[in-house]
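Letters A, B, ... mirror the listed sequences (proteins, then strands); counts begin at 1. Fair warning: this is a prediction, and the values are worked out from it, not measured in the lab.
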Number of protein chains: 2
Amino acid sequence: MKINQFAHLKVNHQQKINELQKINFLDDNLYSLSLNALYLHFLQCAFIEAQSTSSFEQKLHALLATSNQDLKDYLDNHQLTLEVFYTVAMQLLGFEVNDDFEINHLFEKMDELHLFHHNQLNNAADLIDAWYDLLCTHGKGGRTYLDLLAANGYFKPFWNLPIEQKPLIFNGKTQPVFDTSKLIREVVYVESSLDTDHDGKRDLLKAEIIRPAETNDGLKVPALYTASPYNQGTNDHTADQLMHNVDVPLKHKQPNNNSYEDIEFHEPAVDLPPARQVRGETQTAEETFGHAKAVTLNDYFLARGYAAVYAAGIGTMDSDGERTCGSKEETESTIAIIEWLAGNRRAFTNKTDNIEIKTWWCNGSIAMTGKSYLGTLATAAATTGVDGLKTIISEAAISSWYDYYRDGGLVIAPGGFPGEDADILAEECFSRQKQAGDYLKCKDQFNRDLAEITAGQDRATGDYNSFWDARNYLKDVENIKCDVVMVHGLNDWNVKPRNVYNLYRELDKLPIVKKLFLHQGQHIYINNFQSIDFTDMMNLWLTNKLYGVENHANELLPDVCVQDNSCESTWHSFNGWHTAKPQKHQFGFKNEQLVDHAAAPAVESFNDQLEQATFEKYKKNWNQWRIDLLSDKKNVLNNNRLIFKTEKLQHDIYLQGCPHVTLDVASSVNKGMLSFMLVDFGNAKRLGEVPATLDLKALDAGYQWRFDDLKEFKLGKPTPWKMITKGHINLQNRKHPWKTDELVPKMFYQFELDIQPMFYHLLKGHQLGLVIYSTDMEMTVRGNEDITYSLQLENCELSVDYEELN
Amino acid sequence: MKINQFAHLKVNHQQKINELQKINFLDDNLYSLSLNALYLHFLQCAFIEAQSTSSFEQKLHALLATSNQDLKDYLDNHQLTLEVFYTVAMQLLGFEVNDDFEINHLFEKMDELHLFHHNQLNNAADLIDAWYDLLCTHGKGGRTYLDLLAANGYFKPFWNLPIEQKPLIFNGKTQPVFDTSKLIREVVYVESSLDTDHDGKRDLLKAEIIRPAETNDGLKVPALYTASPYNQGTNDHTADQLMHNVDVPLKHKQPNNNSYEDIEFHEPAVDLPPARQVRGETQTAEETFGHAKAVTLNDYFLARGYAAVYAAGIGTMDSDGERTCGSKEETESTIAIIEWLAGNRRAFTNKTDNIEIKTWWCNGSIAMTGKSYLGTLATAAATTGVDGLKTIISEAAISSWYDYYRDGGLVIAPGGFPGEDADILAEECFSRQKQAGDYLKCKDQFNRDLAEITAGQDRATGDYNSFWDARNYLKDVENIKCDVVMVHGLNDWNVKPRNVYNLYRELDKLPIVKKLFLHQGQHIYINNFQSIDFTDMMNLWLTNKLYGVENHANELLPDVCVQDNSCESTWHSFNGWHTAKPQKHQFGFKNEQLVDHAAAPAVESFNDQLEQATFEKYKKNWNQWRIDLLSDKKNVLNNNRLIFKTEKLQHDIYLQGCPHVTLDVASSVNKGMLSFMLVDFGNAKRLGEVPATLDLKALDAGYQWRFDDLKEFKLGKPTPWKMITKGHINLQNRKHPWKTDELVPKMFYQFELDIQPMFYHLLKGHQLGLVIYSTDMEMTVRGNEDITYSLQLENCELSVDYEELN
């Protein structure tokens, strides 16, 4: 266990006094108290659940002060010491004596856990310093001591503070002083500048708003906006029925001489229906809502003085329009909500009366939040440079839809969803279908337009075309004005890491502040982890970006924060997608080895076809397929791939960036595809694929409000290997995904490619391996064809960046 | 999908009118309205989120009335019909047109789904009837339409009803008219008549109370009490370290002539310290609490006019005493809370001042809730006949601790926890250890007493002794005065089905009302299932038992309700642990067959030992072990077991009761153990072991309160077999678990045993199989010894009860 805290702001003594006064731990009469008396005062404030002296003393008896005295007995006879303060502090933070720390090795353990502590406690001033920082320190339960007190009701008396004193900032972060049982929920309909359902009227977009009651008294709050196409429901069943068959042969493609300009997307001129005539204005919404699908991070901020806004966009239940999956229109529909929030667009109270309603309660500062499609739309919105959007927290987001559904001229499924494509996702999210009365009016038009998406995505070639070019947000990154937080799983094979890597590299060219978190998860949120104070960081960040508080968020948050794959709860800070001194290393291929120098001439071949029964088995059991593909042991897949490994490493190395592969390859027929896995070979305990739940519903978003489970990645039983990263290419797209090359059977072709990026700690004694194969059971088409691939080994090379560690 | 509703109370027209008035759907002016106008009135009340005419009309447009008209357009021009009413009703219940039902086959589908509907709708009276029953009907989302409206805020205006009108009963059930943001949380310390930590003072027990604010205004409410030893935290780490080694040989036991009287437990006389002197009385608690581990069923009732009370009992954090795992003292500590709630015992505001606090807010009616250890303590409490306890809802509960940790003279682990035992669980739950200041004072005494538990449980023999006799609640079932609901998983191999079977059979002798639910889950709660209205039934039940409302709960709830294992969402009602006309069937053993008649003389043998590497593999991978054990295919386990199967069945049969096995067996050595599995052989799609989550956080316990996931068992991919039930016996306990028999090597012994009970639908074309083996990787000790077991087949018999179905 380690507690990695970044958002603990170190402030001077006077500021500590001021802030402790603000949250009622100190007042002017307290400075003259003895050390013990002041300490008891602090504790009495903290034990808010004990409402009498006897109850409070009972709490003191439960705490251990020294190896043979409880805190009450100790303080009756002795003066507080530094050791006693932190022995008790550890218990207050949820660490158990003997189980989590030994009383005789207190400070060693605190240092090992990365817990902040002071080194002297001689007078009241020292105690004030230590107490302040204890309130800011994360405990075993994945939150600060102050957040734990808040969960016990510490801030309940603050609910009635005058609005001039809200939000309440402590240690640079907003505190949960808002009564979440009084939140106001309302619905409005934002008029977009779109008519995606071609009904001759501008699409109205439903937005669900949750805002603190204090806004009715004049408090202006920022908005956390989550654009989630899923949150009005999904058409799982019909989408499943449309799923494409991936058990089809790869197609030979007619060569062409396409340049990017040939396929570049140009936005067509659109004849837009006129805006609605405003027939009145009101400050009061006409519609409310009960249960909404919530993002836990938004819930956390609802207790702290922010509004949450949810909108599902065009084509979703209660809105107008159609789903278009990643199109410019979708981006327009996404930012329409921001424009309304910032006062630059109209919304109405319902879909017919044209009574305008403004965001009189909003301070005009907006952030976007959410993961996956939600994070993707945050990225999309940012690339428009829309006013009012101050920052996005973009998690597991797509930066180009080609990198989600395609790769190197191939149809490549998001991991776990073979057969899915842009049209399926459009159908999946077209939740207008769920309201049969409404669906009656838009069904035919949607089906026509869905057929266009199916045609546009062009599963036949897998090429990058104008359909995909229209869905490439990277082209517009230069428009981004807001600061950006990115979060991505290094094991996310749904939205593959290239998406965040490319975005990060484009953002590097801009004068904005950006922060990147790379975790060891798959496609998950990380705001409920024990080992890192991600939620606190987002609090610091948003308090700065949306409330304009100067709290050093830009400096305190690491630029690039990477979770180590080789051990538990370890996070490293870097200045970019690289360690301090990475170097490029080139490997040649020889027999089954990766060697330092170019190897002698040799051709190695493999055939892609399997016996039908075996093929059927692997189609259903990807895990077994992966095990057999990477196994040393003799099995039917031995002849279906080439495998090359380095010697056992003499040092730990930290791999980074995109592995680059140079190849000289022939296919036995006029088509072909290659897949690559970079693999860590070596028996070791590795982090689980899915984080362990340490405690159910243990993280309170406020007081008696919402809960989240506490999680952490734990080392499991030893495994013989782990895939580091992977990649794919169509042999007919050797230069560009938009240009089809000739492929003459049995002729060798030289070309090179980048596979997906990585940030990987490979341990001493392990081997780095490259596996080259063709059909990828989880991602490619699976034609099970008799195709043989041959490599001229002396012309092949693997180039990777890494730094040697000691 | 099928919706099985039991708690929908059918009432007459006048009562419908009265109740609809009570919840504001009707008033005196409405009867003269036209059919359409009354219908629109109902809908307008229901669409509480639409607060203007335009918003409401927008909702009507979203609903489909006929194949080509939405509801608004339809009602503008046509009169409401029965078809339109139910087409719309289905949508209101969450069923989607086309996806869930076809508009042209409406009533067929409703019947198929088991949805209640009326058959005429000609006038306002018909409409009132239909609307009333629609409010009571469960939808796709696993709750009634009225509960769905409640989740949208329907009952928010009822929060301020005068207390004389609370609780509010509709259709026999309490409704969520209590403001859960105003719940009062307080802590008291109940003085027990125990001194389990031997400190010379009666053990004080912490109780956490959550009660509606209305109790402060004079409302008296019943209490749902959950005794959970886990809910002040657990010592997972230290308990793990104490876990017993199961990789030890079975021990030969010295034969004896024990009778039950020799080992019967007699409660020793105890010298109890005097009760505390009361020094004052108050109505106000001095301690509150924030976050508590909650039981979702309790949360649901907190919105409906009940208090929830949590107590962890002796030896848990903030209480006095020690954990004793299943002892009489534990039961005493459990009912102490009930005695206080019913006004028959004292509690204090803290542990030192002796200020008494009474349950002035409680109506004296108490129910107990909870699963596993929690349900066990509910059962334990009921067996004392304690006053005030009106009913228990006992889920997955232990009825005798011998049946949890032992079987037939063997140490048999709860599935998934080899090495666990009573001492481990005592340590696990001794949460006083978590407060180091308190632990200082009780550590030595606890460790001494824990050693006594370790000795008493006697892992060396596995025999039933006075330690286990003291922990057998079945002996005291005759004291039970309250009505009982039992819930158990037919696939629960943690708390094995024998526990509920034995309790059910003992209860059969008493003049109480009892209800039994047998589901297809393992060790789970079932109040969040789509296919059955379990929560509604508990509402009907508790409204009757605790509020004394005459609502036919005793008649409406099925006596025995069993989920069918062969198909989805199907529940059968029976009058006992049997179908209408079960018959006893006896099978003889012949070669690998179960045959109708006794077979010719033949001896079959198997050896229990495995190659060490294989043994180590199976120890870690129980699933693979089970697969290989039951497989027809040649593998290393073929010689480690005997397997006997019937012919393929000509009819479906419904197996029930306890399979009875008669054996004639010899062991090659002077010790031995046998294990049995009754197995359904036949390729079929079967229900998943774990229910699928249909929708996350979709079930609201009230309005903006707590949430639960909607779940259901779904058929998975076909599997070749499923274990129906299992059993174990030590060959030295052929007659009684408390008497050790001689076992001469190679001598044949005849004896018989019941294996665990079942309720299993075995399909036509499948085979019933009995597998006989020795070491059970999940449950027995695993000595991997060279022991050969031989059976005289002509003296062996399997007897099962079943009814043939057509």
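Leu440(B) touches chain A through its side chain: at least one heavy atom from C-beta onward sits under 4.5 Å away, while N, CA, C and O do not. For chain B, no part of Ala294(A) is nearby; none of its heavy atoms comes within less than 4.5 Å. No part of Lys156(A) comes within reach of chain B, as not one of its non-hydrogen atoms sits under 4.5 angstrom from that chain. For chain A, the nearby part of Asn68(B) is the backbone; its heavy atoms alone come within less than 4.5 Å. Using a 4.5 Å cut-off between heavy atoms, Gln69(B) touches chain A through its backbone atoms (N, CA, C, O) alone. If you measure heavy-atom distances from Ala50(B) to chain A, the contacts under 4.5 Å come from the backbone alone. Residue contact with chain A, scored on non-hydrogen atoms closer than 4.5 Å, involves the side chain of Lys441(B) exclusively. For Ser67(A), the part sitting under 4.5 Å from any heavy atom of chain B is the backbone (N, CA, C, O) and nothing else. Heavy atoms of Ala285(A) lying under 4.5 Å from chain B belong exclusively to its backbone. Heavy atoms closer than 4.5 Å to chain B are found in the backbone of Ala151(A), but not in its side chain. Only the side chain of Tyr189(A) comes within less than 4.5 Å of a heavy atom in chain B; its backbone stays farther off. Only the side chain of Arg185(A) comes within less than 4.5 Å of a heavy atom of chain B; its backbone N, CA, C and O stay farther away.
Taking CG from Asn104(A) and OG1 from Thr87(A), the interatomic distance works out to 9.0 Å, rounded to the nearest 0.5 Å.
Summarising the local packing, NZ of Lys201(B) is surrounded by 12 or fewer heavy atoms from other residues, nucleotides or ligands at distances under 6.0 Å.
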Quick one, Glu427(A) with Thr238(A), criterion side chain to side chain donor-acceptor pair (under 3.5 Å). Give me CA distance, side-chain angles, the key distance, then yes/no.
CA-CA 8 Å; Glu427(A) 166 61 28; Thr238(A) 34; 3.0 Å; yes

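Your options are Asp695(B), Leu183(B), Leu63(B), Leu60(B), and the one with the most heavy-atom pairs under 4.5 Å with chain A is Leu63(B). Counting heavy-atom pairs under 4.5 Å between each of Lys59(B), Glu57(B), Lys717(B) and chain A puts Lys59(B) at the top. Per-residue heavy-atom pair counts under 4.5 Å with chain A were compared for Phe707(B), Tyr74(B), Tyr703(B), Tyr439(B), and the maximum is reached by Phe707(B). Here Asp99(A) is the residue among Leu696(A), Asp99(A), Asp438(A), Val97(A) with the most heavy-atom pairs under 4.5 Å with chain B. Taking chain A as the reference chain and counting heavy-atom pairs below 4.5 Å, the highest number among Ser52(B), Ser181(B), Ala698(B) is found for Ser52(B).
There is no side-chain donor-acceptor pair under 3.5 Å between Ser54(B) and Glu286(A). Using modelled atom types and a 3.5 Å distance limit, the side chains of Glu96(A) and Gln433(B) yield no donor-acceptor pair.
Of the charged side-chain nitrogens involved, none lies within less than 4.0 Å of a carboxylate oxygen, so that Glu287(B) and Lys351(B) do not count as a salt-bridged pair.
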